[in-house]
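Protein chains get the first letters and strands the later ones, always in sequence-line order, with residue 1 at the start of each.
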There are 2 protein chains.
Amino acid sequence: MRTSDKHQKIIQAAIKVFARKGFFSARISDIAKEAKVADGTIYLYFNNKYDILISIFEEEIGKIILQVKLAIEEETDPRRMLEVFALHHLKLVEEKRDLAEVLQMELRQSNKFMKEYRNTRFIEYVDIISTIIHLGQEQNIFRKELLPGVAKRAFFGALDEMSRLWVLAPETGYTIEETAKEISNIFLFGACRQSMAE
Amino acid sequence: MRTSDKHQKIIQAAIKVFARKGFFSARISDIAKEAKVADGTIYLYFNNKYDILISIFEEEIGKIILQVKLAIEEETDPRRMLEVFALHHLKLVEEKRDLAEVLQMELRQSNKFMKEYRNTRFIEYVDIISTIIHLGQEQNIFRKELLPGVAKRAFFGALDEMSRLWVLAPETGYTIEETAKEISNIFLFGACRQSMAE
DNA sequence: TTATTATGAATGATGGTTCATTTTGATCTT
DNA sequence: AAGATCAAAATGAACCATCATTCATAATAA
């Protein structure tokens with residue numbers, strides 16, 4: 001059996017277990033059982049429990065970034081790009097619920113218990129948005145005065161709050177598509193009635 | 001010494017310790033030392049470690065809700081109300097950093113390790129926003145088609161992502177006031193250049 | 001035969017919780 | 001005013017369950 005197989009099996013098992021119980025309540029023996037592997041085997045592939053979590057972040061976010069960037073390259077209009085990003089972000093909950101749950105719940109507070117770990121992958125992910133915003137400003141579509149550091153986080157935060165909701169309570173009455181559309185719309189055009197439409 | 005004094009002392013100590021170490025890494029003895037109280041004393045006022053955390057949520061969010069509602073009642077324009085809400089939410093990081101940190105980091109994932117606990121106070125807080133949005137729709141200021149469940153979370157999420165940033169890395173280069181203004185602006189009018197202004 | 005990979009019982013540290021004991025302070029007695 | 005009494009409040013050492021991690025041993029495969 002190839003090394004990478006066990007590595008992957010453990011990662012996938014850990015995602016499941018962390019999603020179900022949370023990082024701290026999850027036991028190594030839970031992960032081992034889920035991966036159909038002995039407790040000790042885990043330590044042949046990872047240094048410790050934290051290392052498993054970090055590997056999940058690094059490897060899985062890496063895959064997501066790749067996919068999203070690819071999808072965005074298909075588009076030319078920055079407005080559409082934002083919608084595509086939104087769609088991808090929200091879809092994650094549906095397509096990989098366990099992973100979404102781990103990223104939602106554990107990633108955010110990882111800085112607390114892993115002081116030294118700087119999650120550059122996560123930053124890279126959010127910065128996809130600022131790239132789009134910058135593009136939109138260059139094309140004279142977005143307002144020049146937008147504060148990029150605020151705008152990107154406003155958009156990301158809005159999306160992420162919705163995906164947090166879905167992770168906690170799957171039923172909201174809204175579909176992913178309409179939610180992505182609505183959030184993009186609010187971000188692009190605002191909640192106010194457009195006075196010109198009068 | 002009155003009962004309530006110790007209760008408060010322990011709560012305040014716990015906020016400090018939870019902020020510094022996170023809920024799981026915090027030891028009861030840490031909290032006891034910070035509160036200048038014996039370990040056992042804590043169990044005279046709280047059932048267990050979780051109970052301390054829940055009490056923080058209930059009592060402290062209660063206070064915040066009161067303050068915010070009061071400040072919003074001063075305003076008549078829903079657009080201003082949103083800005084006031086934003087200002088209050090962001091100010092919390094500055095004025096009560098430890099509490100903000102606990103709410104940011106621990107509150108969100110509380111559902112994971114305290115399955116039975118439904119945080120109604122938190123819901124109540126976010127619902128202040130939907131009340132404002134509803135008002136704005138009635139006054140024909142906000143678009144009627146806004147999905148209230150999405151819009152309120154978009155606004156809240158945007159704000160909260162910024163306060164998460166401040167909790168993690170205090171220096172961002174933006175002031176609270178300009179951030180509140182910017183987020184409100186984006187939410188109200190969008191990121192796009194208003195075409196009528198052409 | 002030997003190097004690699006895997007096992008899972010044993011180890012050891014940790015820290016939430018308990019509880020026998022002490023301290024406090026209010027009330028009553030003389 | 002000085003003891004005496006007692007319930008409530010506080011203490012902190014000890015208990016014990018819980019795992020993360022290790023490592024002597026076994027299985028596998030080259």
Side-chain angles (χ1 to χ4, degrees), chain A residues 1-58 102 105-107 109-110 112-117, chain B residues 1-58 102 105-107 109-110 112-117:
Chain A
M1 181 173 283
R2 259 175 47 259
T3 292
S4 56
D5 286 338
K6 284 264 159 86
H7 181 93
Q8 259 310 301
K9 256 171 81 175
I10 293 167
I11 289 270
Q12 293 310 319
I15 291 173
K16 260 194 191 154
V17 176
F18 287 158
R20 201 182 314 129
K21 309 185 113 185
F23 176 77
F24 282 102
S25 302
R27 281 164 291 167
I28 290 291
S29 59
D30 292 333
I31 299 172
K33 196 192 291 178
E34 179 73 39
K36 297 202 181 76
V37 143
D39 292 18
T41 304
I42 289 179
Y43 289 87
L44 298 175
Y45 295 90
F46 301 91
N47 296 323
N48 50 46
K49 202 179 166 186
Y50 293 114
D51 193 30
I52 304 175
L53 189 60
I54 291 176
S55 299
I56 293 175
F57 292 163
E58 298 286 335
V102 174
M105 300 295 163
E106 315 297 336
L107 175 63
Q109 65 151 17
S110 58
K112 182 70 54 53
F113 52 84
M114 302 179 307
K115 288 293 180 193
E116 70 297 350
Y117 178 58
Chain B
M1 182 174 282
R2 261 175 45 259
T3 291
S4 57
D5 285 339
K6 284 264 160 84
H7 181 93
Q8 260 309 301
K9 258 172 79 176
I10 293 168
I11 289 271
Q12 293 310 318
I15 290 174
K16 260 193 193 154
V17 176
F18 287 158
R20 201 181 314 130
K21 308 185 112 183
F23 176 77
F24 281 103
S25 302
R27 280 165 291 166
I28 290 290
S29 58
D30 293 331
I31 299 172
K33 195 190 293 177
E34 179 74 39
K36 296 201 181 75
V37 142
D39 292 18
T41 305
I42 290 179
Y43 289 87
L44 298 175
Y45 295 90
F46 301 91
N47 296 323
N48 51 46
K49 201 178 168 188
Y50 293 114
D51 193 29
I52 304 176
L53 189 59
I54 291 176
S55 298
I56 293 175
F57 294 162
E58 299 286 336
V102 175
M105 299 296 163
E106 314 297 336
L107 174 63
Q109 63 150 17
S110 59
K112 181 71 52 53
F113 52 85
M114 302 180 303
K115 289 293 184 195
E116 70 299 347
Y117 178 58

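- Put simply, the side chain of B:Leu107 does not reach to within 4.5 Å of the side chain of B:Val102, judged on heavy atoms.
- Atom CD1 of A:Ile10 and atom P of C:dT7 are 9 Å apart (whole Å).
- Between the B:Lys49 side chain and the B:Ala26 main chain, a donor and an acceptor come within less than 3.5 Å of each other.
- For the pair A:Thr41 (side chain) and A:Val37 (backbone), a donor-acceptor distance under 3.5 Å is absent.
- B:Lys21 places its NZ atom 11 Å from the P atom of C:dT14, with the value rounded to the nearest Å.
- A salt bridge does not link B:Lys9 to B:Glu34: none of the charged nitrogens lies less than 4.0 Å from a carboxylate oxygen.
- Counting to the nearest Å, the C1' atom of D:dA10 and the CG atom of B:Leu44 are 7 Å from each other.
- The interatomic distance linking B:Asp39 (CG) with C:dT14 (P) rounds to 16 Å, in whole Å.
- One interatomic measurement links the two molecules: NZ of B:Lys49 to P of C:dT18, which rounds to 15 Å at whole-angstrom precision.
- Put simply, A:Lys6 has a side-chain N or O that comes within less than 4.0 Å of OP1 or OP2 on C:dA6.
- Between A:Asn48 and B:Gly40, it is B:Gly40 whose nearest contact on DNA chain D lies nearer the 5' terminus.
- In terms of phosphate contacts, B:Ser29 brings no side-chain nitrogen or oxygen within less than 4.0 Å of OP1 or OP2 of C:dG15.
- Closest-nucleotide positions on DNA chain D for A:Phe23 and A:Thr41 were compared, and the one nearer the 5' end corresponds to A:Phe23.
- Ring geometry, A:Phe23 versus A:Phe18: the interplanar angle falls from 30° to 60°, so the pair is classed tilted.
- Rounded to whole angstrom, the span from the CZ atom of A:Phe46 across to the C1' atom of D:dA20 amounts to 15 Å.
- In this structure, CZ of B:Arg27 is placed 9 Å from C1' of C:dT14, rounded to the nearest angstrom.
- Picking from C:dG16, C:dG8, D:dA10 the nucleotide with the shortest atom distance to the side chain of B:Ile28 gives C:dG16.
- For the OP1/OP2 pair of C:dA6 and a distance below 4.0 Å, the side-chain nitrogens and oxygens of A:Tyr45 include at least one atom meeting the criterion.
- Separating the OH atom of B:Tyr43 from the P atom of D:dT11 is a distance of 15 Å, rounded to the nearest angstrom.
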